[in-house]
Amino acid sequence: MNTYVVETRQLTKRYGDHAAVKNLSLSVERGEVFGFLGHNGAGKTTTIHMLTTLLKPTSGTALVCGKSVTDQSLEARRHIGYVPENVRLYDTMTARANLLFFARLSGVENPDRRIDETLDFLECRDLAPRLVGSFSKGLRQRIGLAQAILHRPDVLFLDEPTSGLDPMGIKTLRDLIVRLNREFGTTIFMNTHLISEISRTCTSIGVLNQGELVFRDTIEKVTERYGSESSLEELYLSVTPVQAKGAA
Amino acid sequence: MRNLIQPVLTIAGKDIRDALKDRFIILMTAFLLLASLVALAVAAIALKVDVATYAEAKAGLIALGKDASTIPDPAFYPLKLLRGFVEHVEIIGAIIGILIGYRAAASERGRQTLALIVTRPISQWQFLAGKVLAGTAIISSGLILAFVIAGIAVIAISGIVLNPEDIGRLAIVMSAAGLYALAFFLLGFVTALWAKKLPNALLLAFTVWLSFVLIAPQIGDTLDPDNQVAGGVFKQLQIAKPQQVEILQSFSTYETIRNGIEVASPTKHFERLSFAVLGIKDTYAGQPLMPILAEKASDLVWLLAIALALGLLLFARRLDPNRLSKE
């Protein structure tokens, strides 16, 4: 049985002459919490959009749970959960109504029970009857996470999940991601440009620089080799030289 | 089959509930109803003035000792009172159609929820069908409400209970109005789905509205030789029908261009059909329904063709959720 939940080969996305993602070959194993690190504009979101079937690659292949995101997109989507950056949902609907909508679209059997279970897991059942429009960013992100895991996906794609959250919100979300991975065995594919997020949440790391994968390893090996979080930062800056020079 | 239909109904149900909470759409529908009632009241006042003038003239004749019994009573067609109402449906109905269509796409773009929907195991056609179904249901509900109120108002004003044929005529015009508003819904939806920037979509949709709802019919009317004098040139000059035909033959190219401008407008097709079926246009007042329908079937086909063409355009093109999630 193929243990790779995400597998790309020479995956490329071009916009005219500009290649947002170049020949990306990457594999993420089942059960991993994979942190996809890179500067703003490195191609992380484009990669997630291709893997979640939102964008058609220019060339190359991408499989999610063995299903091609281009030729078997419907099948691939059954295995996917997706939380975009700044998820907003429907403001005039309650959290439960929002979740019911997405549960039905995902074909969840007995959606009401599943919603209760999911909200219990995320420790926010009290939010169910409230309008999403009244939520803070952190609560909205939590309901965003709930909609993405209602159908118990094999892989959850998170695009900058902690963007704009306060420190408490970041910690809560981080804990939830880890619990989700441990309790449900969900593979996490997380875009971020925050090194602290990677070191505290992820089991493996990939670094994307100007659309190219420049580093890929497990956090365990990276820590063995480089030590602390500050060394991880040095590693990141060393494998993304062009942007680092620009920043300096 | 259930798996195919379930997502369509889920999306449609959500959109309908959403629209019912949208104050702007409620306000526009209320405005249509109010404007229609005002138009009906104005028509009723005009009718009462005509009746009073007639009664006064008849009484004058009798006072002069002349025999007034030979003067036939004027024919009264209650559905004629709906002229202003039909014109409001033409203009405001089209605006409401555009706004509901625009809203159906803009609400997902603005909230970035489209990306969440299209990463579910549903096909693009199911998403679009759900949206179109919701739009059709919202438009139909508004029109049914408007036509029922207009029908009741006609009965109240005229004191004449509408017969089954009159109700049938109203139902036909209501269906045509539904098709007409649906075409504008699709216009608003397609432009809001495809435009790079949402405000551009609204600008484009209203440019089309302005061109086809206001300008084209107006040009057609203004260029009509028979419209150059109040009451009609031929009527005022007392030119008989055969001579009219002969005169107009000299203007055949001009008339082809004028008619071409008119038929480019879905509004004109809706108006021609409605005015004929309701007997608003004198030529058709009191005429049986079936021959009118046979004559005006092409207008209905045009409305259907426009809605179908926009529908095909909508379903044929692949969505670009990446663009739609960036607003």
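Each chain gets a letter, A, B and so on, in the order its sequence line appears, and its residues count up from 1. Just so you know, these numbers come straight off a predicted model, no measurement behind them.
Looking only at distances, a side-chain donor or acceptor of Lys21(B) sits under 3.5 Å from a matching main-chain atom of Thr92(A).
Glu108(B) has its side chain within reach of Tyr90(A): a pair of non-hydrogen atoms, C-beta onward, lies under 4.5 Å apart. In this structure the side chain of Arg17(B) never reaches within 4.5 angstrom of the side chain of Met93(A), judged on heavy atoms. Using a 4.5 Å heavy-atom threshold, the side chains of Leu116(B) and Leu89(A) count as touching. Between Ile11(B) and Leu105(A) the shortest side-chain heavy-atom distance falls below 4.5 Å.
At most 12 heavy atoms of other shown residues, nucleotides or ligands fall within 6.0 angstrom of atom CZ in Phe24(B). In this structure, Phe315(B) places its CZ atom where more than 12 heavy-atom neighbours from other residues, nucleotides or ligands lie under 6.0 Å away. More than 12 heavy atoms of other residues, nucleotides or ligands sit less than 6.0 Å from atom CH2 of Trp209(B).
Between Ser106(A) and Pro121(B), the shortest heavy-atom distance links the atoms CA-CD, 4.1 Å.
To the nearest 0.5 Å, atom OG1 of residue Thr113(B) and atom CZ of residue Phe101(A) are 7.5 Å apart. For the atom pair CG of Leu74(A) and CD of Gln124(B), the computed distance is 11.0 Å after rounding to the nearest 0.5 Å.
Within the 4.5 angstrom heavy-atom criterion, no atom of Leu9(B) approaches chain A. Neither the backbone nor the side chain of Ser107(B) comes within contact range of chain A; no heavy atoms are under 4.5 Å apart.
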TODO: Give the intermediate values and the outcome of side chain to side chain contact (heavy atoms under 4.5 Å, CB included) for residues Val118(B) and Leu54(A).
DONE: CA-CA 7 Å; Val118(B) 295; Leu54(A) 284 170; 3.3 Å; yes

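At a heavy-atom separation below 4.5 angstrom, chain A is approached by no residue within residues 304-312 of chain B.
Using modelled atom types, one finds no donor on one side chain facing an acceptor on the other under 3.5 Å when comparing Arg77(A) with Thr119(B).
Ranked by heavy-atom pairs shorter than 4.5 Å toward chain B, the options Arg78(A), Gln147(A), His151(A) are led by Gln147(A).
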